[in-house]
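Residue indices begin at 1 and follow the sequence shown.
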Amino acid sequence: MSEPSTSEALLATAMAQPPRSDALSEQILDAAREQFMTFGLRRSTVDDVAKRAKVSRVTVYRRIGNKDSLVSACLLREYRRFVMDVDDAVAALPTMEDRLVEGFVAVLQHIREHPLVGGLLKLEPEIMLPFLTLESGPALLAMREYLADRLRHAQRAEGRPETDPTPVAELMVRITVSFLLNPVSCFELDDDEQVRAFARRYLVPLISTG
């Protein structure tokens with residue numbers, strides 16, 4: 001299975017399933033996350049993760065699986081956390097505009113500050129850059145559909161006409177990835193207030209019903 005297809009499937013699973021509650025598995029995944037952030041994917045082995053988790057190699061295989069399974073399980077947990085962070089950021093907000101703005105702030109902040117993504121971009125840019133650019137299609141579509149679904153829920157909650165929020169959702173994803181790859185810009189997005197101002201000026205008008 002190709003890397004982008006795996007990412008799309010992981011994202012769909014992250015949205016549909018409850019988080020893992022097994023303490024030993026969480027301990028192993030914590031170790032895997034730390035290992036991948038520190039040494040990258042290529043230089044990390046199951047033995048490295050086992051040593052960091054203070055368990056045997058056999059335990060890792062029994063609980064999680066091989067290295068590919070470790071990477072998949074680690075990413076799946078990160079996707080779950082991302083979804084929860086965005087949902088928590090917008091859950092109590094009263095309007096669709098507010099949810100779009102705070103959702104964009106949460107998405108940009110999460111990806112900018114994500115230690116695993118940021119760490120791998122520094123350690124193994126040759127692996128991460130294609131995933132975020134040329135090979136990002138399925139993952140982009142999955143994230144776009146997640147955000148579009150949240151905007152549809154906001155439309156229904158406020159009794160608005162159900163216009164298609166997909167273009168706005170795609171712009172949010174593309175803008176976020178663009179600023180992650182190259183933060184140099186005429187737009188000032190150094191803090192959350194600047195990001196909110198950007199979203200209100202450039203994204204909110206796209207969903208305005210006038």
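Side chains of Asp164 and Thr166: a donor on one and an acceptor on the other come within 3.5 Å.
Heavy atoms only, all atoms of each residue included: Ala31 and Val49 are closest at CB-O, 3.8 Å. The shortest non-hydrogen separation linking Cys74 to Ala32 is SG-C, 4.4 Å. Summarising the geometry of Ala169 relative to Leu151, their closest heavy-atom pair is N-CD1, 4.4 Å, with the distance given to 0.1 Å. Minimum interatomic distance between Met96 and Ala154 (heavy atoms only, all atoms of both residues): CG-CB, 3.8 Å. Counting all heavy atoms, side chain and backbone alike, Lys67 lies closest to Val46 at N-CG2, 3.6 Å. Scanning all heavy atoms of the two residues, the minimum distance from Arg200 to Pro205 falls at O-CD, 3.3 Å.
Remark: Glu26 CD to Arg77 CZ distance equals 4.5 Å, nearest 0.5 Å. Phe36 CZ to Leu29 CG: the interatomic distance, rounded to the nearest 0.5 Å, is 9.0 Å. Rounding to the nearest 0.5 Å gives a distance of 9.5 Å between CD of Glu170 and CD of Glu145. A distance of 10.0 Å separates OG1 of Thr95 from CD of Glu102, quoted to the nearest 0.5 Å. Gln27 contributes atom CD, which lies 10.0 Å from atom CZ of Arg63 (distance to the nearest 0.5 angstrom).
Between Glu97 and Arg160, at least one side-chain N (NZ, or NE/NH1/NH2) sits under 4.0 Å from a carboxylate O, which counts as a salt bridge. Comment: Asp98 does not engage Arg196 in a salt bridge, judged by the lack of any side-chain N to carboxylate O separation of less than 4.0 angstrom. We find that Arg81 and Asp88 are not joined by a salt bridge, their nearest charged nitrogen and carboxylate oxygen being 4.0 Å or further apart. Salt bridge Arg152/Glu162: absent, no basic N to carboxylate O contact under 4.0 Å. One finds no salt bridge joining Asp30 and Arg52 here, because no Lys/Arg side-chain nitrogen approaches an Asp/Glu carboxylate oxygen to under 4.0 Å.
Residues satisfying the side chain to side chain contact (heavy atoms under 4.5 Å, CB included) test with Asp85, not counting sequence neighbours, are His110. Annotation: side-chain hydrogen bond (donor to acceptor under 3.5 Å, both in side chains) contacts of Arg201 (sequence neighbours excluded): none.
Listed for the Asp48 side chain is a donor-acceptor partner under 3.5 Å among the backbone atoms of Thr45. Between the side chain of Gln109 and the backbone N or O of Asp192 there is no donor-acceptor pair closer than 3.5 Å.
The hydrophobic cluster around Val90 extends to Leu93, counting ILVMFWY residues whose side-chain heavy atoms fall within less than 4.5 Å of a member.
Residues Leu203 and Val101 fail the side-chain proximity criterion, which asks for heavy atoms closer than 4.5 Å. Counting only heavy atoms from C-beta outward, the side chains of Arg174 and Leu171 never approach each other to under 4.5 Å. Using a 4.5 Å heavy-atom cutoff, the side chains of Gln35 and Lys51 are not in contact.
Val204 and Leu189 end up in the same hydrophobic cluster when Ile, Leu, Val, Met, Phe, Trp and Tyr side chains are linked at under 4.5 Å.
For the pairing with Ile175, the side chain to side chain contact (heavy atoms under 4.5 Å, CB included) check across Tyr202, Phe198, Phe187 returns one residue only, Phe198.
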